[in-house]
Amino acid sequence: MNTKDMYLKLGISSAVYDYCEKVLKDLKERFDRIDEVAEYNQCKVISAMQKNRVNATHFNPSTGYGYNDFGRDTLEKVYADCFGTEAALVRPQITCGTHALSLALSANLLPGDELLYPAGGPYDTLEEVIGIRDSVGSLKEYGVSYRQVDLKNDGTFDYDGIKKAINDKTKIVAIQRSKGYQTRPSFSVDEIGKLISFVKEIKPDVICMVDNCYGEFVELNEPSNVGADMTVGSLIKNPGGGLAPIGGYIVGRKDLIDRCAYRLTAPGLGAEVGANLGLLTSFYQGLFLAPDVVSGALKGAVFAANIYEKLGFKVVPSGSESRHDIIQAVELGSAERMVAFCGGIQAAAPVDSYVTPEPWAMPGYDSEVIMAAGAFVQGSSIELSADGPIRPPYAVYFQGGLTWHHAKLGIMMSLEKLYEQKLVTIDEGSIKK
Ligand SMILES: *Cc1c(COP(=O)(O)O)cnc(C)c1O
């Protein structure tokens, strides 16, 4: 059996296979560039592990208070070195990305302080953390005010608006690297660096925080290398490498990270407590694999962009644009196509491949949402997954893939489902909308 036969056996038709292979032929240079970034970042991770003399005793489980947990403390030094920061907090007790961001904010904002988002609003779940949508325990309840400056119509930073918005109360300026469910492009690390410099010129002591979710290891640098005082993310996305079963991280200035630790546990205790519960091998090994896993997810995103762009669908980013995160949006134009696309991603999964994703009314959204995920870790979006709200422009957000070849199969299967249901048609060896 050759490789094509294997794909046929998995349910891909010959026409879809041939079309996809044809598209793939032109992506070699893009993939080479992605590999170069992964190679650099792999060296960065190994160098941080070697510098901190990682050894087998660091994988030992700890329980209870977790005093003298050298494995945990060393992992945090490894993260700090990877991101070029003074300190890091990397814990299974940080339950997800939203928790990590909420922790970083609530630890460093006091009553009377103001939080500014200078480049558009935050990710959906942060709206309740901040109190943009009223919520129990929000920053707003604690007397922290919020201000936001939207991007200009052309998608660039509104520097005049930002200058006007910064005032005596402004304590944290928060920038979200990835677009999330918004339609703006994701910001490059360079762009983030420029914005931070601008803000610090106006108010040097302001704290700049970056929501780095989905951005880790996509570029050579991280926001922490261009002036971010706190950089925050989830371990069930990029830096966990698919192996971390839970967790979040905050890297940055030591005084700020200390406050995060005191807020996470208790004043007086801080980072000294917090058992690792036997998860450290997956944290270390996941970080070690992360640059390569991210490169596979990026290849999948570039492949998907080109497959669907050539069929005439709008894709964000476009097939040729540079990448600043692992998210790929595809505007499919109809609910039927969204369901078919997600059905394909699900059918290609190693876990739960036999279930059919259906749109459902998810709490917090004003339209039904469809999600496809066949993951080893629940909700892990570094694993191949796709989701989107069922409303115009009927865009699916596609991300992840622990290996490039799995991401490739997922994309091919998404197209297969569209093709089988005649939601796209093949015309002389190419497929047209
Ligand atoms: C995923 C994500 C979050 C929230 O992370 P969870 O782990 O889902 O809580 C926050 N910001 C951005 C940009 C994200 O992509």
Side-chain angles (χ1 to χ4, degrees), residues 33-49 51-52 75-91 94 97 100-101 103-104 119 123 172-180 185-200 207-241 244 247-254 256-257 260 283-284 286-295 297-298 301 322-327 381-382 399:
R33 180 68 197 133
I34 290 170
D35 284 336
E36 281 167 26
V37 173
E39 188 172 358
Y40 177 90
N41 284 323
Q42 184 71 80
C43 291
K44 183 157 72 177
V45 170
I46 292 173
S47 154
M49 290 190 175
K51 180 182 162 203
N52 290 287
L75 178 72
E76 289 176 339
K77 288 190 185 126
V78 169
Y79 260 75
D81 285 331
C82 264
F83 284 86
T85 59
E86 292 171 4
L89 190 67
V90 188
R91 304 272 166 140
I94 302 175
L101 289 156
L103 177 62
Y123 191 76
I172 294 186
V173 169
I175 304 161
Q176 183 181 308
R177 179 171 176 182
S178 172
K179 64 181 168 296
S186 295
F187 303 133
S188 69
V189 170
D190 270 356
E191 286 171 309
I192 291 170
K194 282 191 193 113
L195 182 52
I196 292 174
S197 303
F198 177 78
V199 165
K200 295 232 164 175
I207 300 163
C208 288
M209 180 189 97
V210 175
D211 174 352
N212 204 28
C213 281
Y214 288 130
E216 298 90 354
F217 301 128
V218 171
E219 300 184 44
L220 300 178
N221 275 332
E222 299 292 341
S224 45
N225 301 120
V226 295
D229 301 299
M230 283 192 290
T231 300
V232 186
S234 163
L235 297 196
I236 63 166
K237 292 177 179 172
N238 304 13
Y249 77 88
I250 307 171
V251 294
R253 240 168 62 190
K254 183 163 182 335
L256 307 177
I257 301 299
C260 293
F283 285 8
Y284 279 102
L287 179 66
F288 169 71
L289 292 178
D292 206 61
V293 170
V294 168
S295 76
L298 274 174
S322 66
R323 303 268 151 173
H324 312 300
D325 64 19
I326 61 167
I327 315 273
S381 43
I382 186 61
Q399 66 267 316

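- Using a distance-only test at 3.5 Å, with no hydrogens or angles considered, no donor-acceptor pair links the side chain of S186 to the main chain of D325.
- Counting heavy atoms from C-beta on, the side chains of V173 and K200 never come closer than 4.5 Å.
- Rounded to the nearest 0.5 Å, atoms CD (Q42) and CG (D35) are 12.0 Å apart.
- A 4.5 Å side-chain heavy-atom check between V218 and V37 finds every atom pair outside the cut-off.
- Of the residues V232, D81, T231, L89, the one that meets the side-chain contact (heavy atoms from CB on, under 4.5 Å) test with V251 is T231.
- Side-chain atoms of Y249 and I94, non-hydrogen and from C-beta on, never get closer than 4.5 Å to each other.
- Other residues, nucleotides and ligands contribute over 12 non-hydrogen atoms within 6.0 Å of the CD atom of E36.
- No side-chain heavy atom of T85 sits less than 4.5 Å from a side-chain heavy atom of Y79.
- Without hydrogens or angle criteria, Q176 side chain to Y123 main chain gives a donor-acceptor distance under 3.5 Å.
- Side-chain contact between F187 and L195: absent, with no pair of heavy atoms (C-beta onward) separated by less than 4.5 Å.
- Exactly one of I192, N212, V199 qualifies for a side-chain contact (heavy atoms from CB on, under 4.5 Å) with I175. That residue is I192.
- When all heavy atoms of I250 and A100 are compared, the pair lying nearest together is CD1-O, 3.6 Å.
- Summarising the geometry of A80 relative to A88, their closest heavy-atom pair is N-CB, 3.9 Å, with the distance given to 0.1 Å.
- Within the 4.5 Å cutoff, the side chain of E76 has heavy atoms near those of the R91 side chain.
- Smallest separation of non-hydrogen atoms from L103 and C260: CD1-O, 3.5 Å.
- Note that the CG atom of L256 and the CD1 atom of I172 stand 7.5 Å from one another [nearest 0.5 Å].
- For Y284 (side chain) and L75 (main-chain N/O), a donor-acceptor pair under 3.5 Å exists by modelled atom type.
- The shortest non-hydrogen separation linking V45 to P291 is CG2-CG, 3.9 Å.
- In this structure, the side chains of V90 and V78 stay at 4.5 Å or more apart for every pair of heavy atoms.
- The shortest non-hydrogen separation linking C213 to S178 is O-CB, 3.5 Å.
- Between the N41 side chain and the E219 main chain, a donor and an acceptor come within less than 3.5 Å of each other.
- How far NZ of K51 is from NZ of K77: 10.0 Å, rounded to the nearest 0.5 Å.
- Interatomic distance, SG of C208 versus CE of M230, reported as 9.5 Å (0.5 Å rounding).
- Contact check for E86 versus I257: no side-chain heavy atoms found under the 4.5 Å cut-off.
- The structure places CG of L235 at 9.0 Å from CG of L287, a figure rounded to the nearest 0.5 Å.
- K44 places a side-chain N or O within 3.5 Å of a backbone atom of L220 that can act as its donor or acceptor partner.
- Closest non-hydrogen pair, I326 versus S381, comes out as CD1-O, 4.2 Å.
- Applying salt bridge (Lys or Arg N to Asp or Glu O under 4.0 Å) to R177 and the options E222, E216, E191 leaves one that passes, E222.
- With values rounded to the nearest 0.5 angstrom, L101 atom CG is found 4.5 Å from D211 atom CG.
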